[in-house]
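Let me begin by presenting the structure, written as structure tokens, before commenting on it.
Chain identifiers are assigned alphabetically (A, B, ...) following the order of the sequence lines, protein sequences preceding nucleic acid strands; residue numbering begins at 1 within each chain.
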Amino acid sequence: MFFTSLFNALPGAVTQGIIWGIMAIGVYITFRILDVADLTVDGSLATGGAVCVMLMRSGVNPWVALLCSLGAGMLAGLVTGLFHTQCGIPAILSGILTQLALYSINLRIMDSKANQPIGVDKYDLLVSQRYVRELNLDNPLPLMLVITVAVIFLLYWFFGTELGCSLRATGANQHMARAQGINTKFNIVLGLMLSNGLVAVSGALLAQYQGSVDINMGRGAIVIGLAAVIIGEVLFGKIFRNFALSLLAVSIGAIIYYIVLQIVLQLGLNTNDLKLLTALIVALFLALPYWQGEVMRKLKRNPATVKGGKENA
Amino acid sequence: MLELKNISKTFNPNTINAKTALDNLSLTLNDGDFVTVIGGNGAGKSTMLNAISGTFYVDSGSILIDGQDVTKLPEYKRASYLGRVFQDPMMGTAPNMQIDENLAIAARRGASRGLKWGISKAEKKQYRKLLEHLELGLEDRMSSKVGLLSGGQRQALTLLMATLKKPKLLLLDEHTAALDPGTAMKVLKISDQIIQENHLTTLMITHNMKDAIAHGNRLIMMDEGHIVLDISGEEKKALTVSDLLAKFSAASGKEEASDKLLLS
């Protein structure tokens with residue numbers, strides 16, 4: 001019984017994971033490459049969904065609507081980037097400010113309603129939950145795979161270019177970057193725009209998949225993105241050295257996150273406790289490398305402990 | 001090549017912590033000058049180098065590199081004139097990028113970075129040769145992350161990065177101070193070699209008076225934000241450490257000068 005219902009829920013979990021995976025790749029760009037924790041994403045995810053749904057409801061082609069979501073997300077990243085680099089506001093606070101501002105902006109985009117539906121019967125959706133178990137081209141999975149591969153390929157190319165390399169250097173060491181003539185402020189803004197553009201695209205696809213956009217759909221998105229990044233690194237960090245593969249690992253991380261989520265839900269976890277659980281798991285995985293370092297330092301400082309430990313073992 | 005005209009800088013002005021780090025300092029370097037800079041802690045040596053590289057803007061005075069006024073240029077724009085190596089071996093490289101990627105970034109200093117591929121095959125060959133020249137075995141580890149290198153290897157790499165694209169002025173800020181004596185000697189030897197081969201105008205801060213005497217064609221000593229001693233040519237060649245200490249006492253009018261210099 002448990003396995004049948006899990007099996008039935010699996011295609012939905014995987015598809016949702018892939019869609020969130022694009023968002024997680026956006027988080028990877030800021031968190032891992034740029035070394036900035038960007039909280040704008042909680043707002044820009046819903047912005048992407050809102051722009052896409054409202055445009056499609058007024059008859060715009062779904063691909064054009066998706067591109068507009070990309071642009072809206074990049075604009076959100078631009079605002080955070082300018083707060084940070086031109087106004088001297090710490091990166092985290094800049095993200096929080098934009099995120100808060102986006103709540104009002106998203107409501108305006110959504111015609112002052114907290115929720116706007118986009119029915120699969122009335123509109124030509126790119127991806128929809130309804131067909132998730134069907135074995136034909138309406139199934140959202142193949143298209144999501146294509147989009148994910150395209151995103152990974154484009155980012156692999158971009159971060160290999162001169163500009164992309166300078167962006168990586170900016171995240172790795174700003175002193176070195178500036179000494180080598182790199183405009184670090186410009187690069188930070190560019191990275192934030194790229195990241196939030198992807199997050200908004202993910203939001204646009206998510207809204208279509210769910211059949212509606214909700215003003216709260218982005219709440220806690222950053223934590224889900226981080227969870228995907230960390231799961232990907234823990235599971236594949238040792239084998240996937242190549243940059244494209246590390247992006248793939250993030251996407252797979254998001255899928256695993258949604259499968260695990262499905263399992264704990266089926267085991268009877270209260271849906272209300274989900275965010276608590278996610279936050280704790282992410283906190284634990286973020287803490288692990290720190291604890292590891294602390295233990296190593298103590299062992300180094302006191303070699304007797306190491307010896308004793310070995311003897312005891 | 002470099003002209004500092006009456007530059008001054010006060011940190012935390014109008015507070016109880018106000019500190020005049022540069023006090024109406026003027027200095028002119030000729031093309032090909034290799035100048036060693038000594039002075040006690042807080043004399044303003046690093047502050048002078050940071051003023052030149054644009055880490056901060058000076059309060060007054062002007063800075064000219066190769067005839068260009070750079071006083072108001074931001075740090076990243078001045079970089080096209082400058083090669084820099086820092087005291088902290090962590091500061092000059094991107095640790096999570098490969099050795100060849102770091103070099104490729106340095107090769108594009110001062111050029112606009114577009115959507116061309118970040119490193120070419122011809123470049124890799126060139127880097128291999130340059131790394132062989134360092135004799136540190138780095139040529140076989142070009143795709144290793146720089147974070148895996150030792151402090152000395154990183155400083156040598158940073159030196160190579162600073163000079164890969166010939167700078168108008170090379171700034172070495174106690175770049176061997178964090179290394180063990182053997183490694184420090186090796187890195188200094190490499191520095192000498194690169195400076196001579198490329199005929200580079202150089203400012204090198206050192207806390208080691210012997211090094212300051214043994215290297216370069218000119219020596220300046222700083223105290224309280226200005227230059228108190230400027231020795232070059234034959235006079236410098238004949239210099240000894242005790243000479244220097246005596247000259248410093250005379251120039252700054254301080255009895256305790258020798259202790260202050262030797263201890264720092």
Side-chain angles (χ1 to χ4, degrees), chain A residues 28-36 85-86 88 153-191 193-194 229 233 237-238 240-247 249-250 289 293 296, chain B residues 49-50 52-55 73-98 100-120 123 143-147 154 157-158 161-162 164-165 167 170-171 173:
Chain A
Y28 183 89
I29 292 175
T30 47
F31 186 65
R32 278 296 181 232
I33 299 180
L34 217 51
D35 198 22
V36 164
T85 60
Q86 302 303 316
F153 176 81
L154 276 173
L155 289 179
Y156 177 76
W157 165 76
F158 175 72
F159 282 104
T161 64
E162 292 175 340
L163 184 61
C165 283
S166 79
L167 213 149
R168 282 157 62 204
T170 300
N173 182 350
Q174 289 202 30
H175 287 289
M176 173 268 193
R178 281 193 294 268
Q180 299 302 343
I182 293 168
N183 187 345
T184 47
K185 286 183 176 178
F186 173 83
N187 276 358
I188 289 173
V189 175
L190 182 67
M193 289 176 73
L194 207 58
V229 170
E233 280 176 353
K238 289 258 152 49
F240 286 5
R241 295 267 178 210
N242 176 291
F243 181 69
L245 289 178
S246 2
L247 292 182
V250 174
M296 295 298 276
Chain B
L49 253 59
N50 288 337
I52 297 169
S53 37
T55 315
L73 278 191
E75 187 183 2
Y76 78 92
K77 280 194 180 157
R78 290 190 208 183
S80 54
Y81 303 103
L82 303 172
R84 291 160 69 190
V85 186
F86 311 93
Q87 178 174 357
D88 181 356
M90 302 294 193
M91 255 170 87
T93 48
N96 51 11
M97 294 175 77
Q98 300 175 7
D100 52 3
E101 287 175 332
N102 269 276
L103 285 164
I105 280 175
R108 286 158 181 76
R109 182 163 45 79
S112 70
R113 294 163 206 263
L115 295 178
K116 272 191 299 209
W117 199 242
I119 182 167
S120 69
E123 273 180 272
S143 55
S144 297
K145 300 273 158 75
V146 172
R154 279 200 207 189
L157 180 66
T158 310
M161 286 165 64
L164 193 55
K165 192 157 186 201
L170 178 62
L171 302 175
D173 187 356

One option among I105(B), T55(B), N102(B) has the most heavy-atom pairs under 4.5 Å with chain A, and it is I105(B)
In short, A94(B) meets A172(A) closest at the heavy-atom pair CB-CB, 3.6 Å
Distance col, row K116(B):NZ vs C165(A):SG, nearest 0.5 angstrom, shows 13.0 Å
To the nearest 0.5 Å, atom OH of Y76(B) lies from atom CG of N183(A) at 3.5 Å
* Asked: Are there more than 12 heavy atoms of other residues, nucleotides or ligands under 6.0 Å from atom OH of Y156(A)?
  -> no
Tightest non-hydrogen contact, residues W117(B) and W157(A), listed as CZ3-O, 3.4 Å
Closest non-hydrogen contact found for G92(B) with N173(A) is N-ND2, 4.1 Å
Inset, instruction - Answer yes or no: is there a side-chain heavy-atom contact under 4.5 Å between E162(A) and L115(B)? - result: no
Applying a strict 4.5 Å limit to non-hydrogen atoms, the region of T158(B) in contact with chain A is neither
With chain A, the option among K165(B), M97(B), R84(B) that has the most non-hydrogen atom pairs under 4.5 Å is M97(B)
Applying a strict 4.5 Å limit to non-hydrogen atoms, the region of S53(B) in contact with chain A is neither
Shortest non-hydrogen pair, R178(A) vs A79(B), comes out as O-CB, 3.4 Å
When rounded to the nearest 0.5 Å, the distance separating CD of E75(B) from OG1 of T184(A) is 7.5 Å
Discussion item. Atom CE of residue position M91(B) - does it have more than 12 heavy atoms of other residues, nucleotides or ligands inside 6.0 Å?
Written reply: yes
When the 4.5 angstrom heavy-atom criterion is applied to K77(B) and chain A, the contacting part is neither
The ring-ring contact (aromatic ring centres under 6.0 Å, His included) partners of F159(A) (sequence neighbours excluded) come to F243(A)
If one checks every heavy atom of E101(B) against chain A at 4.5 Å, the contacting part turns out to be side chain
Honestly, the part of M161(B) sitting under 4.5 Å from a heavy atom of chain A is both
| task | Could you walk me through whether I182(A) and R113(B) pass the side chain to side chain contact (heavy atoms under 4.5 Å, CB included) test, one step at a time? | result | CA-CA 9 Å; I182(A) 293 168; R113(B) 294 163 206 263; 3.5 Å; yes
Residue set satisfying side chain to side chain donor-acceptor pair (under 3.5 Å) with T85(A), at least two apart, ordered chain then number -> none
So OG1 of T93(B) and CD of Q180(A): to nearest 0.5 Å the spacing works out to 10.0 Å
